[in-house]
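Below: one structure, written as structure tokens.
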Amino acid sequence: TPGRVVRLILRQGFIQLGIGVGLGLVFAFGLGRMISLLLYDVTPTDPIVYAGIVTVLVGTGIVACLLPARRATRVDPMIAMRAE
């Protein structure tokens with residue numbers, strides 16, 4: 001059903017999104033200390049900056065998952081099976 005297809009695609013995308021955001025935050029905290037001299041008027045662990053960046057990245061990731069999921073629901077299953 002179209003609902004199951006959307007759930008499958010979103011689940012796979014959100015898993016990758018969560019892993020990417022998690023690893024990105026870990027590396028950002030680690031590297032933030034190293035490049036603290038280059039940051040102007042921002043502390044290396046400024047929560048507002050991190051929250052803003054995570055919000056933008058998660059929003060972009062959600063849109064990047066929803067568009068292919070919607071497109072996949074419009075494909076006729078028999079045509080997709082024949083193509084493989």
Side-chain angles (χ1 to χ4, degrees):
T1 64
R4 289 180 66 189
V5 171
V6 170
R7 278 193 300 274
L8 173 71
I9 294 172
L10 290 180
R11 184 180 67 228
Q12 290 176 353
F14 288 164
I15 288 171
Q16 292 177 359
L17 181 63
I19 291 170
V21 169
L23 287 175
L25 284 173
V26 168
F27 285 119
F29 277 121
L31 293 176
R33 299 271 182 214
M34 292 174 54
I35 62 168
S36 63
L37 296 175
L38 301 174
L39 299 174
Y40 176 73
D41 202 27
V42 177
T43 61
T45 57
D46 191 7
I48 295 173
V49 172
Y50 282 105
I53 291 172
V54 167
T55 302
V56 169
L57 290 176
V58 168
T60 305
I62 289 171
V63 171
C65 291
L66 283 175
L67 294 179
R70 282 190 45 210
R71 190 175 309 137
T73 60
R74 295 184 185 144
V75 175
D76 183 27
M78 290 306 295
I79 293 173
M81 298 269 299
R82 279 190 207 138
E84 290 187 20

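With sequence neighbours left out, Ala64 forms a side-chain contact (heavy atoms from CB on, under 4.5 Å) with no residue at all. With sequence neighbours excluded, the residues satisfying side-chain contact (heavy atoms from CB on, under 4.5 Å) with Arg11 are Leu8, Ile15. Judged as a side-chain contact (heavy atoms from CB on, under 4.5 Å), and not counting sequence neighbours, Arg71 has no contacts.
Under the 4.5 angstrom side-chain criterion for Ile, Leu, Val, Met, Phe, Trp and Tyr, the cluster partners of Val63 are Leu67. In the hydrophobic clustering (ILVMFWY side chains linked at under 4.5 Å, chained through shared members), Met34 is joined by Leu31.
Closest approach of Pro68 and Ile9 over heavy atoms only: O-CD1, 4.2 Å. Shortest non-hydrogen contact noted between Ala72 and Val5 is CB-CG1, 3.9 Å. When all heavy atoms of Cys65 and Gly13 are compared, the closest pair comes out as SG-CA, 3.5 Å.
Residue Arg7 holds its CZ atom at 9.5 Å from CG of Leu10, rounded to the nearest 0.5 Å.
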If you look only at distance, which donor and acceptor atoms sit under 3.5 Å apart when one is on a side chain in residues 16-23 and the other is two or more places apart or in another chain?
none

Listed pairs under 3.5 Å, donor-acceptor, residues 46-57 side chains, sequence neighbours left out:
unit_1	atom_1	unit_2	atom_2	d
Tyr50	OH	Ala28	O	3.2
Tyr50	OH	Pro44	O	3.0
Thr55	OG1	Ala51	O	2.6

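A continuous path of hydrophobic side-chain contacts links Val6 to Ile62 [ILVMFWY only; heavy atoms under 4.5 Å].
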